[in-house]
Amino acid sequence: MATARRKLGDLGEQIACERLIALGMSVIERNWRSGHHEVDVIAADAAGLHFVEVKSRTAPVSADPLVGITASKKRSLTKAAREYLSDKRCGDIEIFFDVMTVVFDGESVQVDYYPQAFIPVYT
């Protein structure tokens with residue numbers, strides 16, 4: 001089960017990267033990890049760095065994939081982004097937290113991109 005789920009996630013991330021490239025972005029990292037924190041895709045464009053969470057599902061979908069972007073997930077993504085920026089010494093750069101959902105339904109694939117899906121709250 002975990003293997004099939006991982007394959008689905010990998011395929012969804014590949015499709016997400018292709019979509020980001022088609023939108024004019026450069027994919028900088030995939031599955032960047034620091035400790036327990038991970039970012040599925042880190043991409044760049046003229047506006048700045050995009051930390052992209054990818055949610056892949058197979059139809060029929062019982063709930064919108066965005067439901068998976070919980071407060072805990074947002075905190076984890078925010079921590080990972082801070083660690084990435086510190087590790088790479090990015091300096092003063094605009095950052096965005098985006099979400100891309102990929103739903104597989106037989107031969108068709110529905111991809112939805114939510115730029116600036118959330119703004120982190122720093123405490």
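Note that the structure is predicted; figures quoted are calculated from it, not measured. Nothing fancy with the numbering, it's 1 onward along the sequence.
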Any chain of hydrophobic side-chain contacts (each under 4.5 Å) joining [X] to [Y]?
{"X": "Val54", "Y": "Val111", "answer": "yes"}
{"X": "Ile28", "Y": "Ile21", "answer": "no"}
{"X": "Met100", "Y": "Val41", "answer": "yes"}
{"X": "Val102", "Y": "Leu20", "answer": "yes"}
{"X": "Phe96", "Y": "Phe118", "answer": "no"}

Can you sort out the partners of Arg57 under salt bridge (charged side-chain N to carboxylate O under 4.0 Å, His left out), two or more places apart, ordered by chain and number?
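Salt bridge (charged side-chain N to carboxylate O under 4.0 Å, His left out) list for Arg57, sorted by chain: empty.
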Go through the structure and list residues passing salt bridge (charged side-chain N to carboxylate O under 4.0 Å, His left out) with Lys73, not counting sequence neighbours.
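Partners of Lys73 by the salt bridge (charged side-chain N to carboxylate O under 4.0 Å, His left out) criterion, ordered by chain and then number, come out as Glu53.
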Under 4.5 Å between any side-chain heavy atoms of [X] and [Y], yes or no?
{"X": "Trp32", "Y": "Ile42", "answer": "yes"}
{"X": "Tyr84", "Y": "Ile95", "answer": "no"}
{"X": "Glu29", "Y": "Val39", "answer": "no"}

First locate atom [atom1] of [X], then atom [atom2] of [Y], and finally report the distance between them rounded to the nearest 0.5 Å.
{"X": "Arg75", "Y": "His37", "atom1": "CZ", "atom2": "NE2", "value": "11.0 Å"}
{"X": "Tyr114", "Y": "Leu66", "atom1": "OH", "atom2": "CG", "value": "4.5 Å"}
{"X": "Gln110", "Y": "Asp105", "atom1": "CD", "atom2": "CG", "value": "9.5 Å"}
{"X": "Glu94", "Y": "Leu49", "atom1": "CD", "atom2": "CG", "value": "10.0 Å"}
{"X": "Asp40", "Y": "Phe51", "atom1": "CG", "atom2": "CZ", "value": "12.5 Å"}
{"X": "Thr78", "Y": "Glu83", "atom1": "OG1", "atom2": "CD", "value": "11.0 Å"}

How close do Gly12 and Ser56 get, counting heavy atoms only, and between which atoms?
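Shortest heavy-atom separation between Gly12 and Ser56 comes out as CA-OG, 3.2 Å.
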Contact summary for Ala47 and Asp45, nearest pair of heavy atoms
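Minimum heavy-atom contact is N-OD1, 2.9 Å.
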NZ (Lys7) with more than 12 external heavy atoms under 6.0 Å:
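12 or below, so no.
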Atom CZ of Arg19: over 12 foreign heavy atoms under 6.0 Å:
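No, because the 6.0 Å sphere around CZ of Arg19 holds 12 heavy atoms or fewer from other groups.
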